[in-house]
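All residue numbers refer to positions in the sequence shown, counting from 1. Note that the coordinates shown come from a computational prediction; the quantities given were computed from them, not determined experimentally.
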Amino acid sequence: MPQNRHVLSHPLVNARLSHLRLATTSSKDFREGIHDISLVLGIEATRDLEEDTFDGQTPIGPFTGSIVKPRIGLTPILRAGLGMTDALLTLFPAAPVYHLGLFREKVSLQPVEYYSKLPSVPNVDICFLLDPLVATGGTACAALSMLLDWGIPVNRIRLLVVLGSDSGLTRIEESYPGLEIWVAAVDPKLTNDGLIYPGLGDTGDRLFNTTRE
């Protein structure tokens, strides 16, 4: 496994993801599952954040406390990344959220940008890119290019993924060496249409109950 690819290994995450895969899982349960897995991803991906200390007072006596030093920003890729955002805001309630609008064109499978909420100058130290499903890796690569052009170095970006394909993650790693990737699980195959197999379907549709019969 590549050095900067971190795959979660936890029975609760495995059970949650298995429930997400089921075609019979409701949108409500799907949203809750994405949220729960994203929360674990966020906790695991922040283990090495730098801390500052401060002196405080409990009702009993003085203590030395800690705060997270770097300024954190969240960048969900629309629309599926919205399903991960609330979980990360639980960890970083004051973090700015910069939405990136990208979709994958169905024939060419190439990403198309349609929206960016990035300000003119970066005002964060570390950016968490939220993309629950990485299939070919094209959309994530496009988003990473946008963040680099914005001025965030690759070693200050962390990509959080619920489910990725091995080939898609490898494409990202080869395109952006030094990027930290945190993923709950990896599937080995893609279909001819560029879908993760066995995967869990279209994440956006399942999150927002827009799946067509």
Exercise for the section: For D187 and S165, test the side chains for any donor-to-acceptor distance below 3.5 angstrom and give the result as yes or no. Expected result: no
Handout entry: Validation row: P198, K189 side chains within 4.5 angstrom (heavy atoms)
Key = no
Practice task
Flag the pair E44 and R47 as a salt bridge only when some basic side-chain nitrogen lies within less than 4.0 angstrom of an acidic carboxylate oxygen.
Solution key: yes
Fill in the blank from the handout: Closest non-hydrogen atoms of P119 and W150, given as atom of the first, atom of the second and distance, are O-NE1, 2.6 Å
Exercise for the section: Check whether any side-chain heavy atom of S116 lies under 4.5 Å from a side-chain heavy atom of M146, and answer yes or no. Expected result: yes
Practice task
Quick one: closest heavy-atom pair of P96 and V124, and the distance?
Solution key: CG-CG1, 3.8 Å
Exercise for the section: Indicate yes or no: does R171 engage D166 in a salt bridge with an N to O separation below 4.0 Å. Expected result: no
Fill in the blank from the handout: So OG1 of T75 and CG of L100: to nearest 0.5 Å the spacing works out to 5.5 Å
Handout entry: Worked verdict on L133 versus V161 for side-chain contact (heavy atoms from CB on, under 4.5 Å)
Key = CA-CA 6 Å; L133 203 68; V161 180; over 6 Å; no
Problem - Nearest-0.5 Å distance, CD1 of residue I72 to CD1 of residue I126 - result: 4.5 Å
Handout entry: Hphob cluster co-occupancy, F208 + L22, side-chain heavy atoms under 4.5 angstrom
Key = no
Completion exercise
The single option from V40, L41, L39 that satisfies side chain to side chain contact (heavy atoms under 4.5 Å, CB included) with I37 is L41
Problem - Test log, rule side-chain contact (heavy atoms from CB on, under 4.5 Å), inputs C141 and Y176 - result: CA-CA 8 Å; C141 282; Y176 298 96; 3.9 Å; yes
Practice task
Answer whether the closest heavy-atom distance between the side chains of L102 and L78 falls below 4.5 Å.
Solution key: no
Handout entry: Flag side-chain contact, heavy atom, 4.5 Å: H6 against I181
Key = no
Handout entry: Joint hydrophobic cluster, L89 plus L49, side-chain heavy atoms closer than 4.5 Å
Key = yes
Practice task
Return yes if some donor-acceptor pair links the side-chain N/O of T53 with the main-chain N/O of T64 below 3.5 Å, else return no.
Solution key: no
Problem - Atom pair CG (D131) and CE (M84), whose distance is rounded to the nearest 0.5 Å - result: 8.0 Å
Exercise for the section: Report yes if some heavy atom in the side chain of K117 is under 4.5 Å from a heavy atom in the side chain of Y115; otherwise report no. Expected result: yes
Problem - Lys/Arg-Asp/Glu bridge criterion (N-O < 4.0 Å) met for R31, D86 - result: no
Handout entry: Heavy-atom check, side chain of L200 versus side chain of L17, under 4.5 Å
Key = yes
Exercise for the section: Using distance alone, with no hydrogens and no angle criterion, decide if N192 and Y197 have a side-chain donor and acceptor under 3.5 Å apart. Expected result: no
Handout entry: Common cluster, Y114/L82, ILVMFWY with side-chain heavy-atom separation under 4.5 Å
Key = yes
Fill in the blank from the handout: Between P153 and L148, the two heavy atoms sitting closest are C-CD2, 3.9 Å
Exercise for the section: Using a 4.5 Å cut-off on heavy atoms from C-beta on, say whether the side chain of V186 contacts that of R5. Expected result: yes
Exercise for the section: Kindly work out whether a path of hydrophobic side-chain contacts (I/L/V/M/F/W/Y, heavy atoms less than 4.5 Å apart) joins V154 to L169. Expected result: yes
Practice task
Take F30 and L207 through the test side-chain contact (heavy atoms from CB on, under 4.5 Å) and record every step on the way to the result.
Solution key: CA-CA 6 Å; F30 195 88; L207 279 168; 3.9 Å; yes
Fill in the blank from the handout: CZ of R206 to CG of L20, rounded to nearest 0.5 Å, is 7.0 Å
Practice task
Mark yes or no for whether T85, through its side chain, and G81, through its backbone, hold a donor-acceptor pair below 3.5 Å.
Solution key: yes
Exercise for the section: Determine, for D29 against R16, whether the closest basic-nitrogen to carboxylate-oxygen distance falls under 4.0 angstrom. Expected result: no
Fill in the blank from the handout: What one should report as the nearest heavy-atom pair of G194 and T136 is O-CG2, 4.1 Å
Practice task
Could you pull out the closest heavy-atom pair between L91 and G42, with the gap in Å?
Solution key: CD1-C, 3.6 Å
Handout entry: Shared hydrophobic cluster for L129 and L118 (ILVMFWY, side-chain gaps under 4.5 Å)
Key = yes
Practice task
Identify whether the distance between the nearest side-chain nitrogen and carboxylate oxygen of R158 and D48 falls below 4.0 Å.
Solution key: yes
Practice task
Give the C-alpha distance, both sets of side-chain angles, the deciding distance and a yes or no for side-chain contact (heavy atoms from CB on, under 4.5 Å) between L8 and V183.
Solution key: CA-CA 6 Å; L8 299 186; V183 58; over 6 Å; no
Completion exercise
Between A140 and I172, the two heavy atoms sitting closest are CB-CD1, 3.6 Å
Practice task
Answer yes or no: is there a side-chain heavy-atom contact under 4.5 Å between V162 and I34?
Solution key: yes
Practice task
Output the distance between atom OG (S167) and atom CG (L190), rounded to the nearest 0.5 Å.
Solution key: 4.0 Å
Problem - Whether D202 side chain and G204 backbone form a donor-acceptor pair below 3.5 Å - result: yes
Problem - Ring geometry between F63 and F54 (parallel below 30°, tilted from 30 to 60°, perpendicular above 60°) - result: perpendicular
Handout entry: Inter-residue atom distance L130.CG - L159.CG, 0.5 Å rounding
Key = 8.5 Å
